[in-house]
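Notes follow the structure.
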Amino acid sequence: MARYGMVIDETKCVGCHACRVACQNQNHLLEKEAYNHLEEREYGTFPNYAREFLPVQCQHCDNPPCVKVCPTGASYKRKDGVVLVDKDKCIGCKYCIAACPYNVRIIKKEGYIEKCRFCIEFVEQGGKPACMTTCMTGVRMFGDLDDPNSEISKFIIKNKLKQFKAELNTKPRIYYKKA
Amino acid sequence: MSLDDLKLTRRRFLKVTGATLGALSLSHELLDFKHWVRANAEAPVTRIPTFCNGCGNRCGIFAYVKNGRLWKIEGNPEANGNLGVICPKGHGYLHDLYNPSRLRGPLKRTGDRFEPISWEQAYKEIAQKINLILMDSGPQSIFWVNYPQSNNPYALRLMHSLGSPHYFTHGSTCYTARNAGWVTTVGDLPSNDLSNSQYIVIIGRNPAGGIDLAEVKKIVEAKEKGAKLVVVDPRHSETAILADEWLPIKPGTDLAFLLGMINIMIKEELYDRQFVKEKAVGFEQLDDEIVNYPPEWAERVCEIPAKTIVRITREMARVKPRALLHRGYHAAFGSQYLNSFQTARALAIVNSLLGNINREGGIYFPKSAQLGELQPKHPAPELPKIGKSDGTGVPGRYPLGSYGDGIAHAIPELALRGELKAGFVYHNNPLRTNPNPKRVIAGYKKLDLLVVVDTVLSETASIAHYVLPESFYLERDEAVDTKHSGKRAQVSIQQKVVNPMFDTRPGTQIIIELGKHLGVEKYFNFDIDEGNRLRLKPFGITLEELKQKGVLFVGEKWKEGFNKLETPSGKVEIHSSTLEKLGFPPIPRWEDPLVSPDSKNPSSFRLLHGKQAIHTHSMTANQPYLMAISRRYDLIRLWMNKERGRRLGLKDGDWVQVKSIVGEGRIRVKLTEGLHPSCVWLPSGYGIFSKHLKTAFDVGLSYNDFLPTLFDPTVGHAMSSEIIVQVRKTSELRS
């Protein structure tokens, strides 16, 4: 079976936030609820200056701290690599928010915790994550990391991509291309 | 109310189906979203092609409706203008369908209040007033002003039917200097063949912030093929993030940069000799003039090192004609400075010297669909006998002003002088988007009749005598559109996705109904569909086919090269005899900006403005999804160079007072290394003062608050970066 993952090419992100609102619409989120965010960084002094945006969302870790700390089993890892929250089991204790080093989980108005789901139900119907398809610079790639011939696998190998905060041993399924 | 409230949530699904499933005790793996997915998948989802109204680009979209509610939009991959992708404004603005600020029916002013009125009664009363004004002041006292929409030809028809020449666009505050520069030089406004270019220089324009989705996609594509991107901008724009080089030019001196480039191109014979010989006139005069502008001179004026100017010019020449300077839009030379027209001229000339005019990878004339006519079935009104009173096209006034666009920011002046008496404002909000709001308010309030067609009570609608509520773009069928030009022309259509929620009507229908009530019904004996069918006739495609696809290619494909341009000589006019006759420099010559900051005064700055990717003019600030981004990322701030801020004792995030000769306001600063020290930069889209727009009211500032009413003497554009402001530290408390 496919085991999903993503590439985020942060050299291409211009910080427009289309991914945020596309995701909100796809997932019926309220205006302040977002499954992805941008971290802006600046380098240098005028006129030798550069800035970049780092898009961050649930990294769908293979060693997910959120799953480990969840007292009810609401946060869980699926066989296809996707980390999800079962809202009926979630008691809103926020342990997972504290444990996640990526700051990507939100408390829904209804009281449970949610986060990026890789648009998995849409993907299972043949779609692609909304954050990816809306992007004018093509920041994201999505696909099967278990298939060595997939476009995304080849891209990761060719560019020797690394994960975000890999040193934490969370084993994220999102790989970043940096400047 | 959010979309969330009415959708079939998983929770609700479980409630509904739990009993029949009898499966609530199953493990979550089984129970989880698989059933929910199925239920949601089974919920009726319809996908309707239409186009977005979140800005003027009118991107092709598919709108999804689920459980009877609008769900989301996706980009139409066929559409030339957006090639399948959508910006944050597009995703955010659709929520305004359910915004409580929306107008629910026609309104009539009674004293300081609005009262509901029926459409019929509103039309009747408007017609009575227009008839009186026609008798007293003549047809030229009536005007229509709008932001670009597909139904603009019908609005022009309405004005002409009444005998008025006064149809205006927002152009004089946006792009008329750029257009005039290009038209004078090559006879038309071209486009950029970005994806095939090997070297792209962009001056001022920021397609990744003032979003043009297709342009950004093509820039990325070109870069992946090895193209170089250079961004010349006082601010490290969003496009600069993608660039190989950012050149922070001193604001208002782009002309010097270009003159320096021309100097080197001629001195080192880097230009396309054959193209210049065969396709251009006036090279000799340019040769004579340009010796005055060596790159060392340019460096002193524009602060970009001479060696950089020389290097970039050489690099471009090496890959010509697959090298281009972006044709520009609003910033730098759209309508910003006294020298904008000559800057646009110089930019067109540099491109011409590269021999890239109508060439692959260069500047090209895009294919645009020529729609069919309504006549003879529906006679066309005669052209008005009187010319526009704004002076566009008139020697001695604004001879290079665009007659078609008019000078919209002159409307308040013409109203105060009593030349304009009645106006229709459609899909436009001049009280917020024109310079010097006090003057604009005074002008528009002087009108005997102001009718505003909008979806909300904007600043302008708030002072109208009648407000006619337009259906939201997802609720209405509209006129066939030709916005999506490109290597092959397209026609596109906006169509109803959901039923209107309130007593509102499509813009085209309102124009037709106004025509019928204003006594010019013989020009308006058709409806939206019939008009569309007649206009599609030349292409041999049916309205049904277009509605099914949303966007269709029509006509011939673009071909390289040209025989004759639409200029008096038929060639590129490096030297313009038209300009010579009018007494303007026929060869671009250095011209200082109108005003400059006082370099000895630490508080004195030029005020620049520009778009953020999340807002369009004044129309999206009230959208909670978009305003949430402004707040979450602290984007409602004035950019200032860090060192200048330090000298004023400012820390990042401090409150400052901003003051010009016409306005004053308070805002927080963002201190950055990514801005030229001589200016401050204000994101446009904020400063909403209509109390009816609750999310946006009193948030941030607009550059228009500080800008005097100015008219460039050649084109008549607003010169909207010719503002000097004093910036001082202050507290948040208002005086």
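The figures here come from the full heavy-atom set of this structure, side chains too, leaving out hydrogens, waters and symmetry mates. In what follows, chains are A, B, ... by sequence order, proteins preceding strands, each numbered from 1.
- Remark: B/Lys250 NZ is loosely packed, at most 12 non-hydrogen atoms of other residues, nucleotides or ligands lying under 6.0 Å away.
- Proximity to chain B is limited to the side chain of A/Phe53, based on heavy atoms less than 4.5 angstrom apart.
- Judged by a 6.0 Å distance limit and a 45° cone about the ring axis, B/Lys72 is positioned over the six-membered ring of A/Phe122.
- Using a 4.5 Å heavy-atom cutoff, the side chains of B/Glu238 and A/Arg51 are in contact.
- Heavy-atom pairs under 4.5 Å with chain A peak, among B/Gly75, B/Pro677, B/Gly674, at B/Gly674.
- For B/Thr239, no part lies under 4.5 angstrom from a heavy atom of chain A.
- Contacts between residues 2-20 of chain A and chain B, counted as heavy-atom pairs separated by less than 4.5 Å, involve A/Thr11, A/Lys12, A/Cys13, A/Val14, A/Cys16, A/His17, A/Ala18, A/Arg20.
- Environment of NZ in B/Lys225: crowded, with over 12 heavy atoms of neighbouring residues, nucleotides or ligands closer than 6.0 Å.
- Residues B/Arg632 and A/His37 meet the side-chain proximity criterion, which asks for heavy atoms closer than 4.5 Å.
- The heavy-atom pair separating B/Tyr625 from A/Gln24 by the smallest distance is CD2-OE1, 3.2 Å.
- Considering every non-hydrogen atom in both A/Met136 and B/Lys217, the closest pair reads O-CG, 3.1 Å.
- The part of B/Tyr633 that comes within reach of chain A is its side chain, from C-beta onward, which places non-hydrogen atoms under 4.5 angstrom from that chain.
- Neither the backbone nor the side chain of B/Leu247 has a heavy atom closer than 4.5 Å to any heavy atom of chain A.
- Looking at B/Gln623, there are no atoms closer than 4.5 Å to chain A (heavy atoms on both sides), in backbone or side chain.
- Residues A/Thr133 and B/Val85 fail the side-chain proximity criterion, which asks for heavy atoms closer than 4.5 Å.
- Contact of A/Gln26 with chain B is made through backbone and side chain together, with heavy-atom distances under 4.5 Å.
- Residue-level contacts of residues 148-169 of chain A with chain B do not occur; threshold 4.5 Å between heavy atoms.
- Considering all non-hydrogen atoms of both residues, B/His91 and A/Ala22 come closest at NE2-CB, 3.4 Å.
- A distance of 10.0 Å separates CZ in A/Phe46 from OG1 in B/Thr672, rounded to the nearest 0.5 Å.
- Between chain A and the options B/Gly92, B/Ala613, B/Pro248, heavy-atom pairs under 4.5 Å are most frequent for B/Pro248.
- Proximity to chain A (any heavy atom under 4.5 Å) is shown, for B/Glu245, by neither the backbone nor the side chain.
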Please determine whether side-chain contact (heavy atoms from CB on, under 4.5 Å) holds for the pair A/Val21 and B/Ile86, giving the CA-CA distance in whole Å, both sets of side-chain angles, and the decisive distance to 0.1 Å. CA-CA 10 Å; A/Val21 198; B/Ile86 288 296; over 6 Å; no
